There are 2 protein chains.
Amino acid sequence: MARVKCPICNKTENILKAGLIRNKQRYNCKNCNYHFITDKKKKNKIPFFEKSDKQITMLDIARAAGVSITTVSRALNNRSDINVNTGRKIKELAVTMNYQPNILAQSLVNRTTHTLGVIIPSLETTIFSTMLSGIQEVAATAGYRVIICTSNEKHEREVANIQALMNNMIDGLLICHSIHTSTFEHLRVHMNKRIPIVQFYRVAVGLNVPQILAEDEAGAEAVTDYLIKKGSQKIAMLLGPKELSLTQNRLKGYQNALRKNKIKFDKNLLAHVDFSDESVYTSLDNWLSRFPELDAIISISDKSAAQIITKLKNKKINVPKKIRVVGFGNEFVGEMLDPKLTTFDTQTRHIGEESSRLLIEQIISGKRDIITKVVPGKLIIRDSA
Amino acid sequence: MARVKCPICNKTENILKAGLIRNKQRYNCKNCNYHFITDKKKKNKIPFFEKSDKQITMLDIARAAGVSITTVSRALNNRSDINVNTGRKIKELAVTMNYQPNILAQSLVNRTTHTLGVIIPSLETTIFSTMLSGIQEVAATAGYRVIICTSNEKHEREVANIQALMNNMIDGLLICHSIHTSTFEHLRVHMNKRIPIVQFYRVAVGLNVPQILAEDEAGAEAVTDYLIKKGSQKIAMLLGPKELSLTQNRLKGYQNALRKNKIKFDKNLLAHVDFSDESVYTSLDNWLSRFPELDAIISISDKSAAQIITKLKNKKINVPKKIRVVGFGNEFVGEMLDPKLTTFDTQTRHIGEESSRLLIEQIISGKRDIITKVVPGKLIIRDSA
DNA sequence: ATCGAAAACGTAGACGTTTTCGTTTCCGAT
DNA sequence: ATCGGAAACGAAAACGTCTACGTTTTCGAT
């Protein structure tokens, strides 16, 4: 067995094994008191970046300026107890040396990262990406970064994402629950922590967390009211899962309008969908077969409304003459449809903006007021109703 | 003048002023050798979170287990040189004590954050949010976080975002250039750094950075070819700014098809838009007035195609009989239109996924191969052409 | 000139990890 | 029993910043 040689003295006599490093045997030459690993691969590892890549640190500046790190820190943070000339000189040096503070180190000491976490069910749905856009915009102008996580409407992923985000790294959390989330223990666990949370759009009812909501109740009421005024009597409504605040509120608004107009409520005219294409089509088929006199449909989103209209056109059912169709959300697609979609504009972007604003406000102020804010929307009347 | 009292001995005799802290006067009692600040506000600052909020650290575990921090580290990282029992015990302790590693500290030492930066022109355009979705999905499964920045199609914001992201905190950068970006110095500056960059969808030509592209050339060629086969001769095309690779490639494909079919190229049939609604409408009006025999339009996106179709319908121009319209991107809206939109599916989501994959691969491998990958798309034939 | 306040600066942690370089303990073979 | 190698563990430095606590210097008032 070939003995190991010391790279210094080139002898094998005094070699001792000295522990493992990353599963590689480490040796020690007692003579030279030198530790080494016989790692052939190590030689190949040529760094692909220059030495010059090393970031300038405060220490470099301190040395260049002939002061201590503390003084550099004071200068760069515009503290008062520093000589103006020293301060200026250091700041100039920082610029010429192209100093960039290490955000990680700053975050580690300051215990704040200037980063918001956003958990959102999906990015491919217009309303969510629009809300995200609003969130990101407000955050960016306030100097906050945004980390996004998508739950893909899966409860487990929502839970995992919350864990991962709350774990560290974020100053605040914005969350829009997945459609399959009906228990909220995973959120409650984090509620009394330092990190503020804001729920938006889809919120957990009865949880002591600030909320930013769409005008679901008033919106649904306005829509229903409008349909009735136009002459509709049998109005079907597409809703989400029963646990969602969105579902409950829109239902309330719908019922309010019916009551006001003295129309009997029929729960068979409601359908709870999971936002999948099939569930929408199934509900539609179901209504059409059970209610020949159906004369209006309030959809849960503009996308579903578009699907419904397309399907009705296929079946040669006239929209709006035979059946009026109304959407919810005012997405881009509405204006491109034929007939153009009448819809309730929930001001999706504003919801994102407001959520972001509220969260940042709570981060900065340190207050944890349980605020519920409803972003007002408005009915957009076009051709489909 | 009321003299300052020492909070310890309650006397005023030995008080010395001792520097400033955050612009507040600090005092020192020479007798008690105690430093203090007369800060009335401090008392009100009741922390809104419990003491228990303090995160468990490795030190806590080490103490509980009666070992050193090093051993805890070894256990949690599954290193080999540790007794299996000790390791198990420590890992159990970590679980029961609900230990969560501090990612900031880890990142600081490891010089890696497991975070990707994404710069994207907008979030409210379907194709971008779809690409982002793909990016985020792949990143998440690979254990990477995603920070998003939107440039809102502004060059300055793109530059600022790159600076902010590259500065620190990210292991890799994904960038889709803003439409108003025609110089790329801001990117070149960062190219020889440690941090890998991948451009996607809209890329800078001639920059030594890996790229993931849509099948613009072949796609445009296929579309044009199809239109010609269907009988079109005067085919107009909506393009983006001339600097974009997207524009150049689609133009190439368009010309290829014309050449192949021996149709004369007329540059007046091209329009370069900035994606704004007006620019689309202006181009359309311009074509209609100058080319009465116009029989096909290749749009730059499905959205624009939708707008064009709607506009043409308003003008009572039949689509596809008089003018065929083809989109690009295969967004959701296409299927909802009347007539349903024929479009080239660029596989937007795949582009995002591939970009993310390539970037992560480069991060992990450490290689910086300048790869250009074109994601194949396919022509979706529906009713508008 | 002297003294004290104020200004200006420095030292030495701390933040929570990982890693390097050690040492100590254990154990089987002689 | 002893010795060498392996296994198991620890001390300390490092990552780059901030800050509590000191010290030194300056300077105006006496």
Side-chain angles (χ1 to χ4, degrees), chain A residues 4 14-23 25-30 33-37 54-62 65-77 79-87 90 99-113 168, chain B residues 4 14-28 30 33-37 54-62 65-77 79-87 90 99-113 168:
Chain A
V4 177
N14 311 302
I15 301 299
L16 285 182
K17 295 206 179 179
L20 283 182
I21 291 183
R22 300 202 182 197
N23 295 330
Q25 188 56 56
R26 199 158 53 88
Y27 299 92
N28 184 17
C29 175
K30 271 208 166 155
N33 192 20
Y34 178 71
H35 280 79
F36 60 95
I37 299 170
K54 193 197 173 276
Q55 284 285 335
I56 300 291
T57 72
M58 289 180 26
L59 181 60
D60 300 318
I61 299 182
V67 296
S68 77
I69 289 192
T70 313
T71 304
V72 175
S73 176
R74 276 194 270 255
L76 298 178
N77 292 320
R79 287 291 144 79
S80 61
D81 52 345
I82 187 174
N83 184 293
V84 277
N85 289 321
T86 321
I90 290 175
Y99 166 77
Q100 306 288 5
N102 184 318
I103 304 179
L104 290 169
Q106 284 181 326
S107 299
L108 187 60
V109 250
N110 294 337
R111 307 177 146 285
T112 155
T113 58
N168 233 300
Chain B
V4 178
N14 311 302
I15 302 298
L16 284 180
K17 295 209 180 179
L20 283 181
I21 291 185
R22 301 202 182 196
N23 295 329
K24 283 167 201 156
Q25 187 57 57
R26 198 159 53 90
Y27 299 92
N28 185 16
K30 272 209 166 156
N33 189 20
Y34 179 72
H35 279 79
F36 60 95
I37 299 170
K54 194 203 172 268
Q55 284 285 333
I56 299 291
T57 72
M58 289 181 25
L59 182 60
D60 299 318
I61 299 182
V67 296
S68 77
I69 288 191
T70 313
T71 304
V72 175
S73 175
R74 275 196 269 256
L76 298 178
N77 293 319
R79 287 291 145 80
S80 60
D81 52 346
I82 187 173
N83 184 294
V84 277
N85 289 320
T86 322
I90 290 176
Y99 166 77
Q100 307 287 6
N102 184 316
I103 304 181
L104 291 169
Q106 286 181 327
S107 299
L108 187 61
V109 231
N110 293 336
R111 310 179 140 283
T112 154
T113 57
N168 235 303

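Sequence lines set the chain letters: A, B, ... in the order given, protein chains first and strands last, and positions in each chain run from 1. Small disclaimer: the values here were computed from a predicted structure and weren't measured. Note that these values count all heavy atoms, side chains included, but never hydrogens, waters or copies made by symmetry.
The CG-P distance, from A/D81 to D/dT19, rounds to 12 Å in whole Å. The distance from atom CD of B/Q100 to atom C1' of C/dT17 is 15 Å, rounded to the nearest whole Å. One can place CD1 of A/I90 at 8 Å from P of C/dG10, the figure rounded to the nearest angstrom. Rounded to whole Å, the distance from CG on A/L59 to P on C/dT11 is 12 Å. The nearest whole Å value for the distance from the CG atom in B/D60 to the P atom in C/dG16 is 9 Å. Summarising the geometry, the separation between CG on A/N77 and C1' on D/dT19 is reported as 11 Å, rounded to the nearest angstrom. Rounded to whole Å, atom P of C/dC15 lies 14 Å from atom CD1 of B/I56. Protein atom CG of B/N85 is 9 Å distant from nucleotide atom P of D/dA8, rounded to whole Å.
Counting heavy atoms from C-beta on, the side chains of B/V72 and B/Y99 never come closer than 4.5 Å. When side chains are defined from C-beta on, A/I90 counts as touching A/I61, because their heavy atoms get closer than 4.5 Å.
Scanning all heavy atoms of the two residues, the minimum distance from A/Q55 to A/D60 falls at O-OD2, 4.0 Å. Across all non-hydrogen atoms, the minimal contact from B/S107 to B/T113 is OG-CA, 3.7 Å. Of all heavy-atom pairs between B/I69 and B/M58, the closest is CG2-CE, 3.4 Å.
Considering only side-chain N and O atoms, B/N83 lies under 4.0 angstrom from the phosphate OP1 or OP2 of D/dA8. In terms of phosphate contacts, A/Q106 brings no side-chain nitrogen or oxygen within less than 4.0 Å of OP1 or OP2 of D/dG16. Taking 4.0 angstrom as the limit, B/R79 places a side-chain polar atom (N or O) nearer than this to OP1 or OP2 of C/dT19. Here B/N110 does not reach the OP1 or OP2 of C/dT18: none of its side-chain N or O atoms lies under 4.0 Å away.
Distances were taken from every side-chain heavy atom of A/P101 (C-beta onward) to each of D/dC18, C/dT17, D/dT17; the shortest belongs to D/dT17. In the set C/dT17, C/dC9, C/dG10, C/dC9 carries the atom at the smallest distance from any side-chain atom of A/I82. For B/N102, taking side-chain heavy atoms from C-beta onward, the closest of the listed nucleotides C/dG16, D/dA11, D/dC15 is C/dG16.
Not a single donor-acceptor pair under 3.5 Å links the side chain of A/N77 to the backbone N or O of A/R79.
Looking at A/R74, its side chain comes within 3.5 Å of the base of C/dG10 through a donor and an acceptor atom. A donor-acceptor contact under 3.5 Å is formed by the side chain of A/T70 with the base of C/dT11. Remark: the A/S73 side chain and the D/dT19 base include no donor-acceptor N/O pair separated by less than 3.5 Å.
Annotation: of the two residues near DNA chain C, A/A105 and A/T86, the 5′-most nearest-nucleotide partner is A/T86. Between B/T71 and A/T57, the residue anchored closer to the 5' end of DNA chain D is B/T71, taking for each the nucleotide with the nearest heavy atom.
If you check every strand for non-hydrogen atoms under 4.0 Å, B/M58 touches a base.
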